Number of protein chains: 2
Amino acid sequence: MEKEINTETLILNAAKKVFMQKGFGATRMQEIADEAGINKSLLHYYFRTKEKLFDAIFEEVLSQVIPKISKVMTSDYTLFEKIEIFADTYISAFQKNPHFPMFVLHELSSNPEKILPRFKNHLGYIEKIFPQIKKEISSDKNIDAEQLIINMLSLCIFPIIAKPILKGILFNNDENKYLEFIEKRKKEIPKFVINSIKK
Amino acid sequence: MEKEINTETLILNAAKKVFMQKGFGATRMQEIADEAGINKSLLHYYFRTKEKLFDAIFEEVLSQVIPKISKVMTSDYTLFEKIEIFADTYISAFQKNPHFPMFVLHELSSNPEKILPRFKNHLGYIEKIFPQIKKEISSDKNIDAEQLIINMLSLCIFPIIAKPILKGILFNNDENKYLEFIEKRKKEIPKFVINSIKK
DNA sequence: GTCTATATCGGGATAGAC
DNA sequence: GTCTATCCCGATATAGAC
């Protein structure tokens, strides 16, 4: 019932929204202040610099999204089950945070030396699936575990970051058609992938 | 033999390099001037504003990369042949312009209303392949032409824009390993896709 | 056409009143 | 803790000399 939100979380929410949409470089402190409905200098009172505010956001966003996925990968489902759950979990997470993938990839791309280390802490899960892939399929067929992982990531993430093109060109700017398309992919991707790797 | 490059193309080349790496918002006119080895105010002499300079670049870059792809799609190869040529052509184009996909997607993402219209002019080719897909495969199987196109695009483009993660996390920062991986995908993607859609 | 100097503006950050 | 006023720098853009 606590309706009184403290200023700090007010700022964090506003900053998250603006940073995710515009990226670090294009974000203005003024815009965050407006979004939060407070004064610009309050931002500096709570987080000394724009950089520190960004860091706080980045850490928070990563630790919100990544664990959901990590949990799937380290569970003890079969590989085919994991592929199905993975696509569903990934895409569902992005439906809630549609700017997340572009945000992370863009910051990584323009500032790898700064962003990559902190990103690394969160991605141990990727390697954990390798043994299982090798065990369940790639030993007898000529399937490369790394290529398979990247295929899964590509198929899930690209349609999210390319939303403006897909929506604008394939779906004549119809938001709902785009959303349906994404929803359908939760089933289509596993079907497509599993179809390819099982003989 | 014409070694005397005129100032305008000098500027365009420099601007292309910087804009593609940093995006519009984070690019400084000074940096473009330095890269071109000329004075900052010359930029304004040739292209009145940063915005106009950017527009010139964007148009040029699009018209350099897109036609190569368009040509493949409108040729009269079979669908399976096209899938092979498409992956090779696409990835080869990105090997030469590694920042191109992130550049375009990021500008689209942060400024769709401005960028999308000009982008549209170049992407008529996508629809041209639909009838062929429907004719050659999707009628008898339950394969959606749109999903298939997006799968191809995803598999080709994502590994390029996610380079920092792949290189940093999968390949321990080894540039050559990353490049080999991308090279291999020219064959792996068609194999993966064709394997999935042919019964 | 190319340069130097300068105007102008916007944004991050700080000082200080309340 | 929150606001107003202000500093200061960096970046776009223009004026004007050569």
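Proteins come first, then strands; the chains are lettered A, B, ... in the order of their sequence lines, and each starts at number 1. No experiment lies behind these values; they were computed from the predicted model shown.
Atom NZ of B/K40 is separated from atom P of D/dA15 by 15 Å (rounded to the nearest Å). One interatomic measurement links the two molecules: CZ of B/R28 to C1' of D/dA13, which rounds to 14 Å at whole-angstrom precision. Nucleotide D/dT12 holds its C1' atom 12 Å from the CZ atom of B/F19, rounded to whole Å. Look at CG on A/L43: it is 14 Å from P on D/dT4, rounded to the nearest Å. Atom NZ in B/K52 sits about 10 Å away from atom P in D/dA13, given to the nearest Å. Rounded to an integer number of Å, the gap from NE2 of B/H44 to P of D/dA13 is 4 Å.
A donor-acceptor contact under 3.5 angstrom links the side chains of B/Q30 and B/D34, judged on distance only. Between the side chains of B/Q64 and B/K16, at least one donor N or O lies within less than 3.5 Å of an accepting N or O.
Running 5' to 3' along DNA chain C, contacts with non-hydrogen atoms of chain A at under 4.0 Å begin and end at C/dG11 to C/dT14.
For the pair B/K163 and B/E175, the salt-bridge criterion is met [side-chain N within less than 4.0 Å of a carboxylate O].
The number of heavy-atom neighbours closer than 6.0 Å to NZ of B/K114, taken from other residues, nucleotides and ligands shown, is above 12. For NZ of B/K186, the number of neighbouring non-hydrogen atoms (other residues, nucleotides, ligands) closer than 6.0 Å is greater than 12. Within a 6.0 Å radius of NZ in A/K167, other residues, nucleotides and ligands contribute more than 12 heavy atoms.
The minimum heavy-atom distance between B/L42 and B/I11, with the atom names listed, is O-CD1, 4.2 Å.
Nearest-nucleotide mapping onto DNA chain D: of B/K50 and A/N39, the residue sitting toward the 5' end is A/N39.
Using a 4.0 Å heavy-atom criterion, one finds that A/S41 contacts the bases of the nucleic acid, with or without backbone contacts as well. Across all strands, A/Y46 comes closer than 4.0 Å only to sugar-phosphate atoms, never to a base (heavy-atom distances). Residue-level contact check: A/T7 touches the backbone only, with heavy atoms under 4.0 Å from sugar-phosphate atoms and none from bases.
The ring of B/F103 has its center no closer than 6.0 angstrom to the ring center of B/F19.
Rounded to 10 degrees, the angle separating the terminal helix axes of the helix from C/dG1-D/dC18 to C/dC18-D/dG1, each built from five base pairs, is 10°.
The aromatic rings of B/F24 and B/F54 stand perpendicular to each other, their planes meeting at an angle above 60°, with 30° marking the opposite boundary.
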